[in-house]
Amino acid sequence: MYERHILICAGTGCISSGADKVEEALIESLKEHNLEDKVRIIMSGCHGFCEKGPLFIVFPEDIFYCGVQAEDVPEIVEEYLVKGNLVERLLYKDPVTGEQVINHDKIMFYSKQKRLALRNCGVIDPENIDEYIIRGGYRGLKKALQMSPEEVVNEVKASGLRGRGGAGFPAGAKWQFGLSSPGDQKYIVCNADEGDPGAFMDRSTLEGDPHAVLEGMLIAGKAIGADEGYIYVRSEYPLAIKRLCTAIRQAEEYGMLGNNILDSGFNFKVKIKEGAGAFVCGEETALLASIEGKRGVPRHRPPFPAVNGLWEKPTIINNVETLANVPLILRRGAEDFASVGTEGSKGTKVFALTGKVNNTGLVEVPMGISIREVVFDIGGGIRFGKKFKAAQIGGPSGGCIPEEHLDLPIDFDSLTAAGAMMGSGGLVVVDEDTCMVDMARYFLSFTKKESCGQCIPCRLGTDQMYDILEAITEGKGKPGDVALLEELASAVKQGSMCGLGQTAPNPVLTTLRYFRDEYEAHVKEKRCPALVCKALLQYSIDEEKCIGCQRCIKACPVDAITGEKKQPHELDQELCTQCGACFDACPKKVGAVQVLSEGLPEVEEAEECEEGCKCHN
Amino acid sequence: MQEQLNSVFASYQGEKNELIPVLQDVQEELGYLPEEAMCEVARFVRLPEAKVFGVATFYARFHLEPRGEHIIRLCCGTACHVRGATKIADKLKTMLDVDVGETTENMKFTYEEVACIGACGLAPVMTIDDKTFGKLDPDKTEKTIKKFDEDSAEGGEA
Ligand SMILES: Cc1cc2nc3c(=O)[nH]c(=O)nc-3n(C[C@H](O)[C@H](O)[C@H](O)COP(=O)(O)O)c2cc1C
Ligand code: SF4
Ligand code: SF4
Ligand code: FES
Ligand code: FES
């Protein structure tokens with residue numbers, strides 16, 4: 001019998017911070033103290049709190065140590081496991097109150113969450129099917145196998161589950177199409193392409209609880225009459241692929257996959273397909289083309305994949321998180337699931353909370369929670385006491401929500417109404433030091449690169465929008481640029497076939513809607529109020545503060561700074577390339593290098609139009 | 001090269017839909033996709049060469065040029081962008097004297113930019129081969145690369 005269990009997070013984040021070395025050190029240290037038989041080590045999936053990793057949690061007491069490195073392990077073993085003294089310096093410290101928190105469920109980051117899709121992530125060893133089963137795993141499947149396909153579809157319909165991959169299409173209705181489509185062969189496809197640059201929900205789910213996704217696929221297969229499934233995973237996710245392969249093998253051994261599953265006569269097999277790095281392959285028809293070995297470009301819908309999909313057979317495509325919710329719905333019933341969330345959006349949503357918040361990580365919250373709660377309670381507010389500026393939700397298809405809408409409830413419909421989008425679940429918080437024009441430029445640089453090029457408005461329109469945004473951030477914005485951006489945005493939205501083009505202008509449109517003054521400052525005054533756009537900055541040295549340490553002289557790559565030791569240095573604006581190296585080099589205490597954005601000299605505007613020409617107005 | 005290709009082909013049937021996995025394995029084996037290899041693949045999966053070329057150029061994961069010994073991938077996802085990935089990019093580019101997708105003259109490092117590697121909590125992040133380095137600033141980046149360069153030289157990998 002083990003007296004204690006120690007969970008070490010072995011998600012991608014914690015491994016890159018050294019979790020595997022922590023494991024080695026713990027094995028070693030337990031041996032030294034003859035504790036190997038008393039303490040069991042569990043290497044779990046991501047707990048969502050990667051920034052504080054590697055995480056090291058001792059059960060049954062639930063002591064939450066964070067940022068643990070291999071060299072800390074002997075101390076934990078000796079002081080805590082042997083002597084019973086908490087190792088205080090490794091406990092979590094609340095960024096708001098500054099207090100130490102001992103138990104993991106007392107940490108605000110966790111206490112406001114509701115973990116349904118992530119129910120097992122960070123709790124079980126994802127490479128052990130028994131742990132999944134002990135926690136109720138495959139019971140949803142058992143139930144589904146005793147039901148008729150119609151009953152399964154109706155259960156999912158009644159739950160109100162909507163797709164978590166972006167568009168929020170009701171899962172039950174989609175399955176109904178799949179069930180009604182005639183065909184001797186049908187397919188289930190799990191979309192694990194997770195293309196949103198700044199999101200990792202699906203990755204953590206696959207790494208932390210792969211069986212939940214398999215079980216969801218099996219239930220979907222039973223519901224529509226499919227006997228084959230594909231999981232399309234990004235090749236950037238090697239650990240997820242490895243854990244999935246292990247899970248598939250174990251499920252086959254246990255008779256949960258293969259022929260005549262649990263003696264029900266139902267057959268189902270699952271294959272993994274690795275993506276090859278194209279964002280547009282997350283779009284369902286492009287994804288199917290990619291599985292078939294072709295260039296992953298979207299095609300026109302209808303016909304919808306539910307009617308004519310993979311190899312022209314009826315195919316249901318669902319997102320990882322959508323599928324991970326399904327076993328719970330079957331096991332606990334639709335009503336239980338529908339008791340969480342809002343009228344139009346049931347259940348929970350997982351977000352990758354990142355950017356300028358104190359607690360970044362993966363969070364699962366009930367639908368309807370306000371953005372404020374997510375950012376300030378769970379996220380612990382903005383880092384370094386800075387001011388909140390906006391929450392970017394939905395990645396390159398989504399938009400920015402400003403401070404005045406912080407109390408907006410998070411659900412599919414409210415977000416869409418505010419011009420953003422639930423999207424896949426990226427939630428990037430930005431503060432006063434972030435330039436919103438630069439943000440918009442950033443997203444356009446992404447979408448223009450990822451456009452497959454079939455639709456001219458998408459291919460050329462995103463290119464042009466990017467060029468205008470780049471010009472604005474370089475101080476070359478012209479009057480009328482903003483209007484032109486708006487015009488292009490509407491053309492791109494209307495003239496694009498797939499969701500990529502249809503939503504690509506959203507980041508521009510929402511920043512224009514809520515932060516128009518920042519655009520104006522760039523265009524009219526050639527100023528970047530957030531001090532981000534390099535070309536609009538001026539560096540200078542405050543003679544009064546400069547102690548003449550010569551650090552900035554060494555740092556400057558273009559020799560723009562001169563000065564004798566112990567004498568105030570001088571900075572030549574003509575030579576300066578605004579790289580910021582001197583600013584970083586100047587000791588924080590001294591702070592002699594200043595950066596301002598006061599507008600560029602007028603001379604650069606020489607090439608104005610001839611009189612009477614209205615092209616710029 | 002033919003031998004290496006044959007060893008890859010051995011685990012496939014030569015069906016059209018195997019094109020992407022075959023290309024992935026060939027690249028794994030050769031480090032990149034030389035023209036001759038793509039022609040061989042075309043013959044193997046019985047597709048026109050143009051089709052194979054079309055697929056290989058569509059996906060970011062395929063490389064048609066030889067690459068360096070070590071691959072540096074800087075994350076330019078949103079979370080990393082807002083926490084200063086641009087500064088890291090500038091540092092890497094000047095330090096290695098390369099642009100995105102290029103390889104250093106000594107063929108040691110190839111510099112690539114990718115979107116989100118799923119370690120956003122540690123932003124800004126880069127990977128060198130399969131090692132992840134997080135919470136970067138320009139200074140730490142420079143030290144990391146230098147250290148990696150020295151360590152790999154010592155290890156006799158060059
Ligand atoms: C450009 C583009 C990229 C997409 N990327 C993803 C993705 O990475 N993951 C995903 O699940 N859905 C993605 N989708 C949505 C899918 O097309 C599809 O709607 C979804 O997988 C359906 O699953 P759901 O109903 O369970 O949400 C993307 C759509 C578009 C237009
Ligand atoms: S909208 Fe853009 S990405 Fe989508 S099919 Fe058209 S060109 Fe391709
Ligand atoms: S910003 Fe860069 S180029 Fe300009 S003076 Fe400072 S170090 Fe030199
Ligand atoms: S990887 Fe450990 S908490 Fe995310
Ligand atoms: S945005 Fe860089 S790791 Fe996610």
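All chains are named by letter (A, B, ...) in the order of the sequence lines, taking the proteins before the strands, and each is independently numbered beginning at 1. Nothing here was measured: the structure is a model prediction, and the numbers come from that model.
- Heavy atoms closer than 4.5 Å to chain A are found in the side chain of B:T57, but not in its backbone.
- Of the residues considered (A:K52, A:K449, A:E236, A:K273), A:E236 shows the highest number of contacts with chain B, using heavy-atom pairs under 4.5 Å.
- Between A:Y232 and A:E274, the side chains place no donor N or O within less than 3.5 Å of an acceptor N or O (distance only, hydrogens not considered).
- For a residue to count as touching a neighbouring chain, one of its non-hydrogen atoms must lie under 4.5 Å from one of that chain's; by this rule A:D433 does not touch chain B.
- Interface residue A:C281: only side-chain heavy atoms are found under 4.5 Å from chain B.
- Put simply, of B:A119, B:A123, B:G54, B:A56, the one with the most heavy-atom pairs under 4.5 Å next to chain A is B:G54.
- Interface remark: B:K135 contributes side-chain atoms only to the contact with chain A (heavy atom separation under 4.5 Å).
- Near-neighbour residues of residues 30-44 of chain B relative to chain A, defined by a heavy atom under 4.5 Å from a heavy atom of that chain, are none.
- In the model, A:E207 has a side-chain atom that pairs as donor or acceptor with a side-chain atom of A:T12 under 3.5 Å.
- Counted by atom type alone, A:S397 and A:N506 present zero donor-acceptor pairs between their side chains at under 3.5 Å.
- In this model, no donor atom of one side chain and acceptor atom of the other lie less than 3.5 Å apart for B:T103 and B:R67.
- Taking 4.5 Å as the heavy-atom cut-off, the residues of residues 73-88 of chain B that approach chain A are B:C76, B:G77, B:T78, B:A79, B:H81, B:V82, B:R83, B:K87, ordered by number.
- Residues passing the side-chain hydrogen bond (donor to acceptor under 3.5 Å, both in side chains) test with A:T511, sequence neighbours excluded: A:Y519.
- In this structure, chain B has a heavy atom under 4.5 Å from the side chain of A:F443, while its backbone stays farther away.
- Heavy atoms of A:I291 lying under 4.5 Å from chain B belong exclusively to its backbone.
- Judged by a 6.0 Å distance limit and a 45° cone about the ring axis, A:R295 is not positioned over the six-membered ring of B:F58.
- Among residue pairs with one or both ends in residues 110-135 of chain B, none qualify as ring-ring contact (aromatic ring centres under 6.0 Å, His included); sequence neighbours excluded.
- Under the 4.5 Å side-chain criterion, counting only non-hydrogen atoms from C-beta, B:F148 is in contact with B:D129.
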